[in-house]
Protein chains: 2
Amino acid sequence: MKKNVTILDVAKQAGVSKTTVSRYLNGHFGNMSSETKERIRQVIAELNYRPNKQAQALKSKRSYLIGVVVSDISNMYSSLLLKGIGEVLGEAGYQMIIMDAASSLEQEHDLLNKLTDQSVEGIILQASSRDASHYSHLKQANMPLILVDRDVEPSLFPLVTSDNIPSTQKIIEVILQKNYEQVVVVSEPLKDIVTRELRYAAAEELVVAAGRKIKLIEKTPEMDLTEPVVRLAASPLKTALFASNGRMLMELLTILVNEKIRIPEDIGITGFDDWNLSALVGPGITSIEQQSKQIGEEAAKMMLDYIQYGSCPVETKIIPTNIQLRHSL
Amino acid sequence: MKKNVTILDVAKQAGVSKTTVSRYLNGHFGNMSSETKERIRQVIAELNYRPNKQAQALKSKRSYLIGVVVSDISNMYSSLLLKGIGEVLGEAGYQMIIMDAASSLEQEHDLLNKLTDQSVEGIILQASSRDASHYSHLKQANMPLILVDRDVEPSLFPLVTSDNIPSTQKIIEVILQKNYEQVVVVSEPLKDIVTRELRYAAAEELVVAAGRKIKLIEKTPEMDLTEPVVRLAASPLKTALFASNGRMLMELLTILVNEKIRIPEDIGITGFDDWNLSALVGPGITSIEQQSKQIGEEAAKMMLDYIQYGSCPVETKIIPTNIQLRHSL
DNA sequence: ATGAAAGCGCTAACAG
DNA sequence: CTGTTAGCGCTTTCAT
């Protein structure tokens, strides 16, 4: 058994009181004599003492913990987001507790509570619901909350996200210029997530205005896209597929490759790419690359400010995307 | 300001003592009267009381926190690993504190200390060094430590990893059968990580035994692989590239695509694929798919056992890989 | 320039 | 069946 060395051990060994050691630890050298300082320093090194964070947190109400809830951790968007958040928080002496909502709203609710139990000082959330009422209790409890990727309605919280509408518009322009007669947006169900709807609405507006056809396929987990995609490729209308996120893009590409559908001869394809695979597939996939690492960094910075100043304007920070023009349209 | 409701508030409101409430919370109903139970239940619901984990941990020495240190979080291997760990731990009521060593050994050392400070009950580590002495203090401090992916020397800790040697051998067999005259292993520097060396050694042995040529390229961050790859593709010897992990595979594929080098006509390519992109690129890349989610699950299970029984055999658990035979060789 | 003492929110003997 | 009491390891008035 390993008896943990406490502040008292250090105090006794150094021949001072707990108070003095505590002061030393927190840099509250008032007029502490240099000898005392030196002695404490030595003893700490000697005993290999490390203050217990739980006790510190309990007393001082500072945990230096930030909760991060992502909707699916096994997703490149999340990985890079976490990388960005982690770097910024780490430098500031904060730790993150990461939770994976696994795309489940109930689980998310549970996790949010668990984070509060851990006395996190703030939460960065990729929300699983668009309904702000799911999160308003956090506001009431005075818990700093910063949204990433997805907004809620009404907009109660600061948000960091991609420039969804402009980037969708730009790529739709490309599609229209290439004389596609039909655009098929493939997305997970729109109703839960504002971002999805935003992207679809932006596409729809332009396509309709240009007098072309637009279709929406809302993909549920049970659904197999193979048959519809094959049919679209065979359609007499010149068709472009628009994947509304990285997972959809990957799924569509897999089908196209498996079915030996030629890009862009048989069908055009583009979309948001969280996976960074678009350069390598087929003729090179024209796609929208999100800066999710940067989104993470910005969100983390906002959080640090929030904590420092005790409040934060409810504003939206837009991180531009990179449009990669390649040869899939 | 939000005055937090404490166990004392509940106790007063319910007209009992803190002890009784504590007993209720921890399921230590001895012969607690049903009325008392019911009253406490009600008050808790009413006040929306949630026990403070820090205080619980401080007193009970149980934090229900597991530290996880990955060498690079923006990597599919890590993402899936974390997914697996998270699922298993979550079900058991544990939280994970995830840290990203960002491939830096000093940072790793720092993180390990920070985790101990947080009173984690155990650590799951993808080690950045092969040298066990970097981690032996954890053993002395009686901190449960489980290694994933990479072993250390000497083998002091339980390990969950892929079947590196057999899978490398199998794929080298394929290369040899296809009459490649030269195999070029592309890896990050071997010296730090046992797994890398294992993979290279396994390849080398078979290639040499078959009387073919083997070469090793150790890729450092500054190094540009384009020129060597182009030269290899132009070589009169029929050459196969073997990427020792997903990032290397991705990098090599990017070069091949950019330089319009044909696969497998100009050069063969295969390797470990952490990114799940091999099906989509070129003619389909023959590759070794690691089950990193399953590795995470197993490591988490081992950790739970370790914590429960206070010890764990220092044994290695091998998770089989899937060899995907496609058309890149 | 330093200490004594109180207490953060909780658990667990021990006592009835 | 329940309460009293003494801490866990730390920070922070208030003294001196």
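The figures that follow rest on heavy atoms only: side chains count, while hydrogens, waters and symmetry mates do not. A, B, ... follow the sequence lines: proteins, then strands. Residue 1 opens every chain.
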Which part of the nucleic acid, if any, lies within contact of A:Lys18, taking any heavy atom under 4.0 Å across all strands shown: a base, the sugar-phosphate backbone alone, or nothing? base
Does a distance-only test, which skips hydrogens and angles, find a donor-acceptor pair under 3.5 Å between the side chain of A:Lys59 and the base of C:dG7? yes
Can you tell me how far P of D:dC10 sits from NZ of B:Lys61, to the nearest Å? 9 Å
Distance check needed: D:dG7 P versus B:Ile7 CD1, whole Å only. 19 Å
Distance in angstrom units between A:Leu58 CG and D:dT11 P, rounded: 11 Å
Answer yes or no: is there an ion pair linking B:Asp151 with B:Arg130, defined by an N-O contact shorter than 4.0 Å? no
So what does A:Thr6 hit on the nucleic acid, given a heavy-atom distance under 4.0 Å: a base, only sugar-phosphate, or nothing? sugar-phosphate
Distance criterion of 3.5 Å, no angle test: do you see the side chain of B:Arg50 paired donor-to-acceptor with the base of C:dG9? no
With a non-hydrogen cut-off below 4.0 angstrom, is B:Tyr49 in contact with a base, only sugar-phosphate, or nothing? sugar-phosphate
What is the separation between atom CG on A:Asp117 and atom P on C:dG9, rounded to the nearest whole Å? 14 Å
Check this for me: does the side-chain of B:Ser33 come within 3.5 Å of the base of D:dT2 through a donor and an acceptor? no
How long is the line joining CD of A:Gln54 and C1' of C:dG9, in whole Å? 12 Å
Does a side-chain N-to-carboxylate-O contact under 4.0 Å join B:Lys293 and B:Glu87? yes
Mind calculating the distance between CG (B:Leu8) and C1' (D:dG3) to the nearest angstrom? 13 Å
Donor-acceptor pair under 3.5 Å: do we get one between B:Thr19's side chain and the base of C:dT11? no
Would you indicate which nucleotide in D:dT11, D:dT2, C:dG9 comes nearest to any side-chain atom of B:Met32? D:dT2
